**Student:** 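Please see the structure below; I have some questions.
To find a chain, count down the sequence lines: A is the first, B the second, and so on, and within it residues start at 1. For clarity, every value in this text was computed on a predicted model and none was experimentally measured.
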There are 2 protein chains.
Amino acid sequence: MARTMTDSIRETLRALPHFQALDTELFERVVACAELRSFERSETIFLHGDRARAFFVVRCGSVRVYRATPDGREQVVHHLRAGQSFAEPAVLSIGRYPVNAVALESPTELVAVDARFLELLKGEPRLSIAIVSSLSMRLLGLVERIEELSIASAPARLAHYLMKLPAQGTHEHLVVQLPLAKKDLAAHLAIAPETLSRLLRRWQDRGLIRSKGRTLDLLDTRILLAIADRDE
Amino acid sequence: MARTMTDSIRETLRALPHFQALDTELFERVVACAELRSFERSETIFLHGDRARAFFVVRCGSVRVYRATPDGREQVVHHLRAGQSFAEPAVLSIGRYPVNAVALESPTELVAVDARFLELLKGEPRLSIAIVSSLSMRLLGLVERIEELSIASAPARLAHYLMKLPAQGTHEHLVVQLPLAKKDLAAHLAIAPETLSRLLRRWQDRGLIRSKGRTLDLLDTRILLAIADRDE
DNA sequence: GCGGCCGCTTGACCGTGGTCAAGGGCGGAT
DNA sequence: ATCCGCCCTTGACCACGGTCAAGCGGCCGC
């Protein structure tokens with residue numbers, strides 16, 4: 001019954017795509033590289049330029065990975081939830097974090113896998129194949145994100161985001177929950193909070209959605225999809 | 001004296017970071033997966049959705065990798081020159097190209113490394129370590145690109161681009177050559193060609209640069225740097 | 001040398017979306 | 001229950017940069 005910290009680590013790591021196919025012995029050696037860390041809302045996990053001693057897997061809570069410019073603006077690169085990993089590239093190549101990461105909820109628990117993992121990698125082709133594949137997927141995801149951020153208009157980005165959210169209900173009347181505060185969602189979509197607010201208002205007036213706090217009813221998915229990949 | 005096609009392939013692949021540390025025997029097995037292909041200006045190399053049979057290394061010429069949206073707009077993801085590789089992730093994970101690629105010059109010669117490479121990877125930890133590292137670098141590059149495209153203003157993007165170009169001359173009077181036609185540069189920076197034109201004009205009027213065709217004199221690098229990471 | 005094409009430049013216009021400022025509403029703390 | 005603070009909303013304004021349209025210039029083919 002006693003649930004050790006190592007059990008938590010084991011459970012979190014095993015759920016990762018990288019590690020699902022590993023045999024027990026190798027997997028335990030990975031677990032031995034890891035420790036559990038806990039963060040509070042708004043607590044910094046690492047900063048741009050810090051020495052990259054570990055990569056992370058989200059056990060619970062959520063994390064924002066972002067870049068900041070000298071003039072104080074920032075751009076969200078990733079938003080991570082339970083079961084997702086981040087910062088592998090920093091550990092596996094240059095050894096410094098190229099971005100900032102901050103916890104968004106209290107508590108946010110992360111499994112930190114440190115540099116001993118690199119040694120494992122060198123001796124284990126199966127492990128490196130898994131990592132290659134997972135990094136490749138991540139790359140493809142970033143290419144998507146480039147498209148989202150630079151081709152699409154603000155309404156298209158929002159509609160696209162809403163339609164990708166896990167939904168409940170029938171095809172013509174979906175109900176979704178926003179996983180972020182609206183101001184954080186705005187940051188993720190690279191728009192001002194005011195713009196987000198105005199868009200939701202407009203669509204509600206047109207009968208496309210209904211909005212109550214973080215719960216949205218998508219009433220006309222047909223038109224929303226059209227907005228998502230054409231343009232408003 | 002006779003220079004075989006295989007020699008060309010060997011030379012091109014050997015210059016890649018992935019392959020520099022390989023011993024001769026393993027390297028030759030990589031070479032055996034590769035063939036040389038030639039393209040003309042504007043010729044398509046692959047399209048979004050095509051089965052990914054190979055990844056590529058640029059031997060000469062240049063390549064634009066881009067995404068297109070239903071409404072006809074497009075976003076440049078990469079611009080590649082001699083010695084650079086692309087499309088590894090497609091081959092190494094999902095098996096389909098997620099983007100389009102087109103040759104920008106005549107001739108553009110590419111070394112295509114086909115799927116037999118995957119088999120090599122499975123048996124060779126050193127090879128996969130090299131790939132992991134190189135994919136990681138690529139990921140970091142894409143994060144930079146996200147910042148470039150979505151945080152910075154048009155003047156900042158342009159100034160940043162100019163200051164990163166290989167330059168000749170003294171610190172306070174650099175001379176750079178644009179490696180792209182201005183309309184292609186505009187596409188890379190995600191701005192309209194007209195905007196590029198106007199920016200260069202304005203900076204020339206202010207004495208920051210001098211522009212003659214594709215040759216630019218950077219007369220005040222101090223201010224250009226300021227524009228690059230603050231904002232206009 | 002001449003014509004035509006394509007890339008570059010310039011001008012005029014306008015829409016998208018960011019900024020500034022102020023008001024309302026929900027929730028947590030006491 | 002009440003207060004305070006933070007988020008969200010709404011309004012007014014404006015500038016950045018895209019689009020449309022026209023004119024210019026250089027390069028290549030004939």
**Student:** Quick one: A:Arg41 CZ to C:dG28 P, roughly how many Å, whole number?
**Tutor:**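 One finds 12 Å between P of C:dG28 and CZ of A:Arg41, rounded.
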
**Student:** Think A:Thr195 has a side-chain N or O under 4.0 angstrom from the OP1 or OP2 of C:dG18?
**Tutor:**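 Answer is yes, contact under 4.0 Å.
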
**Student:** Under 4.0 Å between a side-chain N or O of B:Lys183 and OP1 or OP2 of C:dC6?
**Tutor:**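 So the side-chain polar atoms of B:Lys183 never come under 4.0 Å of the phosphate oxygens OP1 or OP2 of C:dC6.
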
**Student:** Go through D:dG17, C:dG17, C:dC8 for me and flag the one nearest to the B:Lys182 side chain.
**Tutor:**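 Minimum distance to the B:Lys182 side chain belongs to C:dC8.
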
**Student:** What is the distance, rounded to the nearest whole Å, between atom CG of B:Leu196 and atom C1' of D:dG18?
**Tutor:**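 Taking atom C1' of D:dG18 as the reference, CG of B:Leu196 is at 14 Å.
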
**Student:** Base, sugar-phosphate or nothing for B:Ala190? Non-hydrogen atoms, less than 4.0 Å.
**Tutor:**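 Here B:Ala190 touches the backbone only, sparing every base.
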
**Student:** Describe the nucleic acid contact of A:Ile191 in one word from base, sugar-phosphate, nothing, applying a heavy-atom distance below 4.0 Å.
**Tutor:**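 It contacts sugar-phosphate atoms only.
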
**Student:** Between A:Leu16 and A:Val57, is any pair of side-chain heavy atoms under 4.5 Å apart?
**Tutor:**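 Yes, side chains in contact.
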
**Student:** Without decimals, in angstroms, what is the distance between B:Lys212 NZ and D:dG25 P?
**Tutor:**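 So the two atoms are 17 Å apart, to the nearest Å.
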
**Student:** Report, as yes or no, whether the 6.0 Å neighbourhood of atom CZ on A:Arg10 holds more than 12 heavy atoms from other residues, nucleotides or ligands.
**Tutor:**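 Count over threshold, so yes.
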
**Student:** Would you kindly give the CZ-to-C1' distance between B:Arg201 and D:dG17, to the nearest whole Å?
**Tutor:**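 These atoms are roughly 19 Å apart.
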
**Student:** Surrounding CZ of A:Arg41 (heavy atoms of other residues, nucleotides or ligands, distance under 6.0 Å), is the total greater than 12?
**Tutor:**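 Not more than 12 within 6.0 Å, no.
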
**Student:** How close or far is atom P of D:dC16 from atom CZ of B:Arg202, stated in whole angstroms?
**Tutor:**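 Going from B:Arg202 (CZ) to D:dC16 (P), I get 8 Å.
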
**Student:** Rounding to an integer number of Å, can you tell me how far A:Arg214 CZ sits from C:dC26 P?
**Tutor:**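 Result: 15 Å.
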
**Student:** Measure from the side-chain heavy atoms of B:Ser153 and tell me the nearest of D:dG17, C:dT9, D:dC8.
**Tutor:**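 Of D:dG17, C:dT9, D:dC8, D:dG17 is nearest to the side chain of B:Ser153.
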
**Student:** Report yes if the side chains of B:Pro193 and B:Lys182 come closer than 4.5 Å at any heavy-atom pair, otherwise no.
**Tutor:**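 The answer is no, as the side chains (C-beta and beyond) never meet within the 4.5 Å cut-off.
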
**Student:** Whole angstroms only, please: what is the CD-P distance between B:Gln204 and C:dT9?
**Tutor:**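 In whole Å, C:dT9 P and B:Gln204 CD are 9 Å from each other.
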
**Student:** Verify the neighbour count for atom CZ of B:Arg14: are there more than 12 heavy atoms of other residues, nucleotides or ligands below 6.0 Å?
**Tutor:**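 Correct, the count exceeds 12.
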
**Student:** Would you please confirm or rule out a distance under 4.0 Å between OP1 or OP2 of C:dT10 and any side-chain N or O of B:Arg198?
**Tutor:**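 For C:dT10, OP1/OP2 do not have a side-chain N/O of B:Arg198 under 4.0 Å.
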
**Student:** Over how many whole Å does the gap from B:Glu194 atom CD to C:dG7 atom C1' extend?
**Tutor:**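 Between C1' of C:dG7 and CD of B:Glu194: 11 Å.
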
